[in-house]
Amino acid sequence: MVDLVPLDSDEDIDAVQGLLRRHIEATGSERAQWVLENWDRLQSKFVKVYPRDYRRVLEAQKQTAAKPAERTAPASVSV
C-alpha cells in the first residue's frame with residue numbers, strides 16, 4: 001500500500017524541480033519549461049507516492065536519531 005503525500009518539504013520541491021531542469025536540458029521540453037514557469041500554480045498537482053512500510057521505517061529512524069544516545073557508565077573495576 002502507498003500514501004499520496006503533497007510536496008510540502010523544500011527537499012521534495014527541490015528534487016522535482018531538479019528533475020524537471022534535467023529533463024529540459026536533455027530534451028529541450030517546452031512543456032517541462034512551462035511547468036517550471038508556472039510552478040506556483042502547479043505545485044499542488046504533484047504528489048509523492050510513498051510506500052507505507054518505507055515511510056514507517058524512515059519515521060522510526062528519525063525518532064531514533066532525535067533521541068539522545070544513552071550513555072552507560074563505565075563498569076567499576078576492583079583492584
Side-chain angles (χ1 to χ4, degrees):
M1 299 295 253
V2 297
D3 290 320
L4 303 178
V5 182
L7 296 182
D8 53 6
S9 76
D10 290 339
E11 183 179 337
D12 290 339
I13 293 167
D14 290 345
V16 171
Q17 288 179 339
L19 290 170
L20 286 165
R21 286 187 192 94
R22 285 180 47 202
H23 179 66
I24 293 166
E25 290 172 11
T27 67
S29 171
E30 292 178 12
R31 184 66 167 177
Q33 184 64 45
W34 180 85
V35 169
L36 281 178
E37 290 169 0
N38 294 282
W39 183 255
D40 290 338
R41 254 183 39 214
L42 299 172
Q43 177 182 340
S44 64
K45 301 205 182 287
F46 285 82
V47 294
K48 178 170 41 175
V49 179
Y50 218 161
R52 289 181 182 163
D53 289 338
Y54 181 63
R55 186 176 189 179
R56 183 178 40 79
V57 169
L58 288 180
E59 289 178 6
Q61 288 176 341
K62 283 181 188 177
Q63 289 177 355
T64 301
K67 292 180 184 177
E70 292 182 21
R71 293 186 179 177
T72 55
S76 58
V77 178
S78 300
V79 183

Requested in this report: Give every residue pair that meets the salt bridge (Lys or Arg N to Asp or Glu O under 4.0 Å) criterion with at least one member in residues 1-12, sequence neighbours excluded.
Outcome: Asp3-Arg52, Asp3-Arg55, Asp12-Lys48
Query raised in the report: Could you give all pairs that pass the salt bridge (Lys or Arg N to Asp or Glu O under 4.0 Å) test and reach residues 18-43, with sequence neighbours left out?
Result: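 Every pair satisfying salt bridge (Lys or Arg N to Asp or Glu O under 4.0 Å) with a residue in residues 18-43: there are none.
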Requested in this report: Mind running side-chain contact (heavy atoms from CB on, under 4.5 Å) on Val47 and Val5 for me, showing each step along the way?
Outcome: CA-CA 5 Å; Val47 294; Val5 182; over 6 Å; no
Report task. Calculate, to the nearest 0.5 Å, the distance between atoms CD and OG1 belonging to Gln33 and Thr27 respectively. Result ->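 Reported to 0.5 Å precision, the distance equals 10.5 Å.
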Query raised in the report: Just how far is it from atom CG of Asp14 to atom CG of Leu19, taken to the nearest 0.5 Å?
Result: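 It comes to 11.0 Å.
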Query raised in the report: Is the side chain of Gln43 donor-acceptor paired with the backbone N or O of Leu7 at a distance under 3.5 Å, no angle test?
Result: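 Yes.
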Requested in this report: Hey, could you give me each pair passing ring pair (Phe, Tyr, Trp, His ring centres under 6.0 Å) that has a residue in residues 26-48? Not counting sequence neighbours.
Outcome: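 Qualifying pairs: Trp39-Phe46.
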Query raised in the report: According to a 4.5 Å side-chain heavy-atom criterion applied to Ile, Leu, Val, Met, Phe, Trp and Tyr, with indirect links allowed, do Tyr50 and Val57 form part of one hydrophobic cluster?
Result: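 Different hydrophobic clusters.
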**Report entry** Minimum heavy-atom distance between Ile24 and Ser29, given as atom pair plus value
**Finding:**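 Of all heavy-atom pairs spanning Ile24 and Ser29, the closest is CG1-O, 3.9 Å.
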Report task. Kindly give the heavy-atom pair with the smallest separation between Val2 and Pro51, and that separation in Å. Result ->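 Closest approach of Val2 to Pro51: CG1-CA, 3.9 Å.
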Query raised in the report: Listed by chain and number, what are the side-chain contact (heavy atoms from CB on, under 4.5 Å) partners of Thr64, not counting sequence neighbours?
Result: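 Result, side-chain contact (heavy atoms from CB on, under 4.5 Å) vs Thr64: none returned.
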Query raised in the report: Going by side-chain heavy atoms closer than 4.5 Å, which hydrophobic residues are tied to Met1, directly or by a chain of links?
Result: none
